[in-house]
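Reading through the structure tokens given below for one structure.
By convention in this document, chain letters (A, B, ...) are assigned in the order of the sequence lines, proteins followed by strands, and residues within each chain are numbered from 1. Both backbone and side-chain heavy atoms feed into the values below; hydrogens, waters and symmetry mates do not.
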Amino acid sequence: MIVETEAYSPDDPASHAYGGPTRRNATMFGPPGRLYVYRSYGVHWCANVVCADEGTAAAVLLRALEPTDGLAEMRSRRGVEDARLLASGPGRLTQALAISAEHDGLDLGREPFALVPPRRPVAVLASPRVGITRATEQPWRYSLAGSTFVSRPRPRA
DNA sequence: GTATTGATCTTCT
DNA sequence: GAAGATCAATACA
């Protein structure tokens, strides 16, 4: 279950797509509903959902998951026991799901992926984005209210 | 508990 | 040559 995301818009100085297409961000300029995967700090993979229509680069970075299934697999990939550490952070999330460059550009509506909306409305908190230096005033980080699986600032209770 | 730093890919200057 | 949508290990309080 996705519990934390961040939005990146086409005219967003903090977005990879700001300043036009490059080899890395090409997927962001493609059709929506696909997965955009990039290398972060030379070490980690980060996964985004492409949102805008083709030619308009907007995406949502997946920052944290609450593991609900496949816990054993995630633990073995991550090498940690604590469920909160399995996918609370962009790099951890991709490692837990075994997402890497080979998944870049894949359709999230097809196997092995599936995106399922929540059954009922959920409470979401908006806050400043994490780990960026530009356009930090945009409160485009969205987290599930009360979730203990969110990365960084821990929600109280 | 907080602070600092290494890893080393991709892009931009 | 420097910085970045990061994490984990280490050092310190």
**Study point:** Between Arg78(A) and Gln95(A): side-chain donor-acceptor atoms closer than 3.5 Å
**Key:** yes
Exercise for review: From the options Leu85(A), Leu65(A), Leu86(A), select the one residue that forms a side chain to side chain contact (heavy atoms under 4.5 Å, CB included) with Arg92(A).
Suggested key: Leu85(A)
Practice item. Could you state the atom-to-atom distance from CG of Leu62(A) to C1' of dA5(C) in whole Å? Key: 12 Å
Review point. Just by distance, do the side chain of Thr136(A) and the backbone of Thr133(A) share a donor-acceptor pair under 3.5 Å?
Key: no
Revision key, fill the gap. With B for base contact, S for sugar-phosphate-only contact and - for none (protein heavy atoms under 4.0 Å), nucleotides 7-13 of chain B reads BSBSSS-
Revision key, fill the gap. Here the distance between atom C1' of dC7(C) and atom CZ of Arg92(A), to the nearest Å, is 6 Å
**Study point:** CG (Asp82(A)) with more than 12 external heavy atoms under 6.0 Å
**Key:** yes
Study note, to complete from the structure: In whole angstroms, the gap separating P of dT6(C) from CG of Leu86(A) amounts to 19 Å
Point to revise | Backbone of Ser151(A) reached by a side-chain donor or acceptor of Glu4(A) within 3.5 Å | key: yes
**Study point:** Salt bridge Arg129(A)-Glu6(A), side-chain N to carboxylate O under 4.0 Å
**Key:** no
Review point. In whole angstrom, what separates Glu4(A)'s CD from dA5(C)'s C1'?
Key: 12 Å
Exercise for review: Quickly work out the Tyr38(A) OH to dC7(C) C1' distance and round it to whole Å.
Suggested key: 13 Å
**Study point:** dA3(C) phosphate, OP1 or OP2, under 4.0 Å from Arg134(A) side-chain N/O
**Key:** no
Check your understanding: Quick one: stems for DNA chain B, with Watson-Crick or G-U pairs under 3.5 Å, at least three in a row?
Key -> B:1-7 with C:6-12, B:9-12 with C:1-4
Review point. Do Met74(A) and Ile99(A) share a hydrophobic cluster, counting only Ile, Leu, Val, Met, Phe, Trp and Tyr and linking them when any side-chain heavy atoms are less than 4.5 Å apart?
Key: yes
Study note, to complete from the structure: Between CD of Gln95(A) and C1' of dC7(C) the distance, given in whole Å, is 9 Å
Review point. Which residues satisfy the side-chain contact (heavy atoms from CB on, under 4.5 Å) test with Pro139(A), sequence neighbours excluded?
Key: none
Point to revise | CG-OH distance between Leu61(A) and Tyr38(A), expressed to the nearest 0.5 angstrom | key: 5.0 Å
**Study point:** 5'-most by nearest nucleotide on DNA chain C - Leu85(A) or Thr133(A)
**Key:** Thr133(A)
Review point. Looking for any heavy atom pair under 4.0 Å, which part of the strands does Arg129(A) touch: base, sugar-phosphate only, or nothing?
Key: nothing
Review point. Given the C1' atoms of dA3(B) and dA5(C), what is the spacing between them in whole Å?
Key: 22 Å
